[in-house]
Protein chains: 2
Amino acid sequence: MCAASHTYQFPRPAIAVDCVVFGYSPEGLHVLLLKRGVEPFAGKWVLPGGFLHQGESGDEALKRLLLEKAGIQKIWAEQLYTFTNPARDPREQIISIAYFALVKSMDIEPVAGRDTVEAQWKLVQSRIALGFDHAEILQTALDRLAAKLRWQPVGFELLPPKFTLSELQHLYETILRKSIDKRNFRKKILAMNLLDACDEQVTAGSGRPAQLYRFNAKKYKELSRQGFHFEL
Amino acid sequence: MCAASHTYQFPRPAIAVDCVVFGYSPEGLHVLLLKRGVEPFAGKWVLPGGFLHQGESGDEALKRLLLEKAGIQKIWAEQLYTFTNPARDPREQIISIAYFALVKSMDIEPVAGRDTVEAQWKLVQSRIALGFDHAEILQTALDRLAAKLRWQPVGFELLPPKFTLSELQHLYETILRKSIDKRNFRKKILAMNLLDACDEQVTAGSGRPAQLYRFNAKKYKELSRQGFHFEL
DNA sequence: AATTTTTAGTGTATTTTTTACACTAATTAA
DNA sequence: TTAATTAGTGTAAAAAATACACTAAAAATT
């Protein structure tokens, strides 16, 4: 272990970066959790995270930590909130810069690290108990995700590149926790002209095959610059 | 000077709390700025702020700093964003947990501290140059304020307890930077039933005296619980 | 004292957006 | 062959947003 030490005139809290990683499947919204192997909260589920290193920005730390702890490389993420309650960690004051992230598929490669026993996707609705103040962080992320879903095209970050309108609608219904009229939903989303129909269809189990669509991020950027505001 | 020292195994960035304090007058939206008396950025205008103390939450540090630096006691404030660019302070890595705050009147008592020469309310539209990355923080706060104004009743935090509808409309026009139809604005805001008419009128210069109103925060909370969403 | 200027205050008709709603189409399962 | 399942489509009614011009009450000017 490194014996280097760092001395300051005034005490400094440690800085952690924690991340709420959401994934989606027809069963519902999932969150990536790690089971801690060490105290405090050994055996408890917590959000992936770790300490910010010297010279790192929050975004850089996040990228490193997601790779280390979950093998996740490319991912949509943004800063959520900074949790500063001095008692949020029983050891000492640790400030957590929390992020939330959205993955298109839940095939993570959970890397068991020094302090991690296990990684699992858990259904959000299962309301599993979490260590530290991570339940509060998760709730904040859920609120933010629901709000964001309506005003920004982030839903597509939770779906594979090609998806059906039914899948998209189901995602909205799950996260916003209300049912949506099928015809009105399709009308509205297609009227935005942000979805390109692929020349493929897909059939999932029984029923009529569904048209696959792709979100046109380039067109969205272009329209945004022209004052367009996504709303669903 | 205190000679106590604090030693940690790993290096730790310092934590600052900075605040964008907005004030409003008919001339426009103002921001409270301090002129620095010490390096770095001596002579430059910066946002009020300071270091987070051990054992303090961000909210507590904010409260202390606003009192110390500007004599501000009761104030609406919320966390804005955490700025983590390692180069944002030329001395060393200092993470800034930024807040933004709204005051009802701009009669601050600017306290000249150790590192502060002067405090002034500056018109936001004057686009004054700021030290550190504070221009970025200010822009983030402006964007947030404009967004928030439409979906939450925060405009009232920038007005005295009693205000006229014209004042309120002018505030909205200033911050959203677009003109609003007088009749439609009044219709919409009054239809929400969140404004109580005072039994006073006020006359500012020439012209017909205007009815004074008061924002009913209690009613807003009540309606919010019932699923009401403010929108203007 | 009369007139002008200034700001406050009001209603309706049109357009746009949102909502509610039921059947046909294409496939798999029985 | 039939039943079950999911995809896909249009219209009419209601609600919300918009555009728009005059009267009312005071101060300022003549």
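Protein chains get the first letters and strands the later ones, always in sequence-line order, with residue 1 at the start of each.
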Of all pairs that satisfy side-chain hydrogen bond (donor to acceptor under 3.5 Å, both in side chains), the ones with a partner from residues 21-33 of chain A, not counting sequence neighbours: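 Matches after skipping sequence neighbours: A:Tyr24-A:His170, A:Ser25-A:Glu27.
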
Near-ring test A:Phe215/A:Phe163, centroid separation under 6.0 angstrom: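 Centroid distance A:Phe163-A:Phe215: not below 6.0 Å, so no.
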
Mind calculating the distance between [atom1] ([X]) and [atom2] ([N]) to the nearest angstrom?
X	N	atom1	atom2	answer
B:Glu231	D:dA17	CD	C1'	11 Å
A:Gln211	C:dT27	CD	C1'	15 Å
A:Leu212	D:dT6	CG	P	17 Å
A:Lys178	C:dT19	NZ	C1'	11 Å
B:Leu190	C:dA8	CG	P	14 Å
A:Leu195	D:dA7	CG	C1'	16 Å
A:Ile180	C:dT18	CD1	P	13 Å
A:Arg186	C:dT18	CZ	P	19 Å

Test item: B:Tyr99 and B:Leu80 side chains (from C-beta on) under 4.5 Å apart, heavy atoms: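 Sidechains of B:Leu80 and B:Tyr99: no contact.
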
Residue pair A:Lys188 / A:Leu232, side-chain heavy-atom distance below 4.5 Å: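 They are in side-chain contact.
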
Contact state string [nucleotides 19-27 of chain D, B base, S sugar-phosphate only, - no protein heavy atom under 4.0 Å]: BBB--BBBS

Set of residues satisfying side-chain contact (heavy atoms from CB on, under 4.5 Å) with respect to [X], sequence neighbours excluded:
X	result
B:Gln125	B:Leu123
A:Ser166	A:Thr164, A:Arg186
B:Asn184	B:Asp181, B:Lys187

Test item: side-chain donor near acceptor, B:Gln120 and B:Glu118, under 3.5 Å: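 Yes, because at least one side-chain N or O of B:Gln120 sits under 3.5 Å from a partner of the opposite role on B:Glu118.
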
Interface with DNA chain D, restricted to residues 152-168 of chain B and to heavy atoms under 4.0 Å: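 Going residue by residue through residues 152-168 of chain B, none turns out to have a heavy atom under 4.0 Å of DNA chain D.
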
Audit row: A:Asn85, B:Ser57, side-chain hydrogen bond (donor to acceptor under 3.5 Å, both in side chains) steps and yes/no: CA-CA 5 Å; A:Asn85 181 346; B:Ser57 70; over 6 Å; no

